[in-house]
Amino acid sequence: MQRFYLTTPIYYINAEPHLGHAYTTMVADAIARSRRLLGDDVFFLTGTDEHGQKVERAAQKAGLDPHVFADKIAGKYRELFKALNISNDDFIRTTEPRHIHAAQAIWRRVRDRGYLYKAPYEGWYCTVDELFVPEAQLVDGRCPTCGTAVERLSEQSYFFKLSAFQEPLLDLYRTNPGFLTPEIRRNEMISFVSAGLRDLSVSRTSFKWGIPVPDDPGHVMYVWFDALTNYLTAVGFPDDETRFQRYWPADVHLMGKEIVRQHTVYWPAFLMAAGLELPRRVVGHGWWLMNDAKMSKSLGNVVHPKGYTDRFGVDALRYFVMREMVVGQDASFTDDVFLTRYNSDLANDLGNVVSRTTTMIQRYCEGIVPAPAAPEPADVALGQRVDAVIASATAQTLAFDFSGALRDVWSLISDLNKYIVTREPWTLAKNPDLRPKLDATLGNSADILRVVAALIEPVMPSTSARIRVMLGIGAESWVGLKSGSIPAGTRLGTIEPLFPRMEHTVEELRQMADNQPINPAPASEAAPATAPTEVAAAPAVPPSQWPMDQRISIDDFMKIDLRVARITAAERVPNSKKLMKLQIDLGSEQRTLVAGISEAYEADALVGRHVAIVANLKPAKLMGIESNGMVLAASPDGGKPLLVSFEAPPSPGTRVR
Ligand code: MSP
């Protein structure tokens, strides 16, 4: 079994996580999952970088003790990663005793081997990037990377003899071209190091929020010295020799391009100074941009994952970021592209083919998956095509080209759709003589879905599991994955829609999120105030298929206050295809609510009608209008909503049960 040690950067906790942090972690998760599918002994590490002046100041600003502040934000990272289905094996925090112990141990080692010395330091420091900036690189007194005003530091400091490592580092880049990818980052580092390296100040005395320097507690360690050593701490350095031998050196350190320098100059130099092995590979990915600028908390132009995962599901976000950004290049995050990819790739292509295939197996084969077969040359060719996609998609995934791998899988999905259309199983089903061909067609289709489920697993683990549940099959490794091997005769599980189509336009979605990108709206504010056809929470399975353990009690039902309301005024909401603003009379009070019924009803025809509403729903803002309740309507598949009505008009306010 091959071991595979993978890390993300540890994230600063001066502010809450955003999509940029989530992206690195999602990519790392896909890498970790793909290696597990090969049977590797994977150790996947992420965590938080909690020391330094920036964090100390953020805690002060929040009026909190830095420990309390750190606990709070580290908790947010943990929650986010859990919500994003991240399969990390450990979550390290640099304030943990195990890390303080390891950082001090490596400091001693570097010191004892003669690579640290004490001297006065005078220079400029950027607290946002936690970097010393040479005077020549300042831009109008500001940090050239993030534009923050730098601060003058003048204090005694320990220095690390970085200058001693110029040649060894250049040697490393030249003799081991795979050490740093992509190529552009490697070239940047070669020119950076070739220009000469100055010794690095690695301790501070002007603040306290850091790891004390061993034997000189007036100093705390420079935050990068502390932070980088987290990669050693988590694999048992310095006390657990067996574990350390098992996992060190790391196979991949993954990060955004702005911190490649710390990982490919400082980090290997620290390790060489300590006499430890170097990581095998550093991968610097690009940035998510918003309006051409890096999405970052200091610029305040960030997107929060929750706005997207609440509405579209976690796998939709995972799919989007990995399909849209080629690892290594920058990409723009736009809601329009997100929505298009969701509706076309997920709802239309993948969702439809899964639903079509399983529904036909249900209908024509009593829910039992037929054996794959190749009665015609077209079936043989399709099998070969599936094997070719298995080879290319797995190879690309293992080379971190998720975008390429997903493109290949989606082209297979499109071939499968064409195969079904050409074969017309619905016509074959009418003629009993054509039964073998019908079975082969549906068996092959189910088999391709099995392969699709396996190939998308690193990027979309829960979708993969949901497809398998529908097909009635279990998890599958990538070792020996090949076409034609779905077990015949398994019974389908419950069929459910994978990605319900999103009918709202980007503008409507933004309005619902108070004019932000489809962004930070919590689910309760985001729910549309009518029967939720598009943002449906409950799967559209027939009532008979609701699992017993998910049914609700009468007490649960009674919490919903359903009432008769009389519509007293109605007008369409400007710029919205669906929304109608209603004034209603509830007997004891008048209210405004917004309902998604404009496509089905004329405003005038609604006035005077008696409808049923949910009266105790939290208010929600839709297109800037506060809606106080939800009108009940039936939502026929693909049809327009039909209002629930009464045989005779009850008095407004009457309870409905
Ligand atoms: N604490 C340091 C890393 C120490 S590692 C020993 C740090 N933390 S950070 O909170 O600023 O996180 C930086 C990382 O977040 C980037 O390297 C990248 O992985 C991710 N991203 C932050 N903004 C991003 C984008 N706009 N786009 C893509 N990823 C980005 O630096």
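Every number for a ligand or one of its atoms is a count from 1 in the order of the listing.
- Using 4.0 Å as the threshold, P17 has no heavy atom nearer than that to any atom of ligand 1.
- For the 3.5 Å distance criterion, the side chains of Q53 and T127 fail to qualify, holding no donor opposite an acceptor.
- Ion pairing between a basic and an acidic side chain is recognised when a charged N comes within 4.0 Å of a carboxylate O; R3 and D251 show such pairing.
- Regarding atom 24 (C) of ligand 1, its nearest protein heavy-atom neighbour is G20 CA, 3.5 Å.
- A side-chain N or O of T24 and one of H285 form a donor-acceptor pair less than 3.5 Å apart.
- Nearest protein heavy-atom neighbour of atom 23 (N) of ligand 1: H18 CE1, 3.4 Å.
- Residue-level proximity to ligand 1 for H51 is absent, since no heavy atom of it falls below 4.0 angstrom.
- Of the possible polar contacts, none joining the N14 side chain to the A58 backbone as a donor-acceptor pair under 3.5 Å is found.
- Interface of G286 with ligand 1, defined as ligand atoms under 4.0 Å from a residue heavy atom, comprises 28 (C).
- For W267, the heavy-atom gap to ligand 1 stays at 4.0 angstrom or more.
- Contact annotation: K257 has no heavy atom less than 4.0 Å from any atom of ligand 1.
- The closest heavy-atom contact to atom 5 (S) of ligand 1, among the options Y231, W288, Y11, comes from Y231.
- In the vicinity of I259, heavy-atom distances shorter than 4.0 Å reach the ligand 1 atoms 3 (C), 17 (O), 31 (O).
- Using modelled atom types and a 3.5 Å distance limit, the side chains of Y319 and D345 yield a donor-acceptor pair.
- Of the options Y77, F81, W288, a ring pair (Phe, Tyr, Trp, His ring centres under 6.0 Å) to H21 is made by Y77 and by none of the others.
- Ligand 1 has no atom lying under 4.0 Å from any heavy atom of H253.
- With ligand atoms numbered from 1 in the order given, ligand 1 contributes 3 (C), 5 (S), 17 (O), 19 (O) to contacts under 4.0 Å with heavy atoms of P9.
- Annotation: M295 places an N or O atom under 3.5 Å from an N or O atom of ligand 1; distance criterion only.
- With hydrogens left out, the protein atom closest to atom 15 (O) of ligand 1 is H21 CD2, 3.3 Å, a heavy atom.
- Close contacts between ligand 1 and K297 involve ligand atoms 10 (O) [criterion: under 4.0 Å to a heavy atom].
- For atom 11 (O) of ligand 1, the closest heavy atom belonging to the protein is Y12 CD1, 3.4 Å.
- Close N/O approach between I10 and ligand 1 is found [any backbone or side-chain N/O within under 3.5 Å].
- Protein heavy atom in closest approach to atom 19 (O) of ligand 1: T24 OG1, 2.5 Å.
- Defined by atom type and a distance below 3.5 Å, a donor-acceptor pair is missing between the side-chain atoms of H219 and T205.
- Side chain to side chain, E50 and T94 fail the donor-acceptor criterion of an N or O pair below 3.5 Å.
- With ligand atoms numbered from 1 in the order given, ligand 1 contributes 6 (C) to contacts under 4.0 Å with heavy atoms of A227.
- If you check the side chains of R281 and T181, you find a donor sitting under 3.5 Å from an acceptor.
- In this structure, R35 is positioned above the aromatic face of F4, its NZ or CZ under 6.0 Å from the six-membered ring centre and within 45° of the axis.
- The atoms of ligand 1 that sit less than 4.0 Å from any heavy atom of D49 are 1 (N), 2 (C), 4 (C).
- With W287 as the aromatic partner, K257 meets the cation-pi criteria of under 6.0 angstrom to the ring centre and within 45 degrees of the ring axis.
- In this structure, K118 fails the cation-pi test against F159, since its NZ or CZ atom is not both closer than 6.0 Å to the six-membered ring centre and inside 45 degrees of the ring normal.
- At a heavy-atom cutoff of 4.0 Å, ligand 1 is contacted by no atom of Q262, backbone or side chain.
- An N or O contact shorter than 3.5 Å is missing between H263 and ligand 1 by distance.
- At least one test fails for R109 against the ring of Y115: distance under 6.0 Å to the centre or angle within 45° of the axis.
- Of the polar atoms of M255, none of the N or O atoms is found under 3.5 Å from an N or O of ligand 1, judged by distance alone.
- Shortest contact from atom 16 (C) of ligand 1 to any protein heavy atom: E258 OE2, 3.0 Å.
- K72 and D65 are not joined by a salt bridge, as no carboxylate oxygen comes within less than 4.0 angstrom of a charged side-chain nitrogen.
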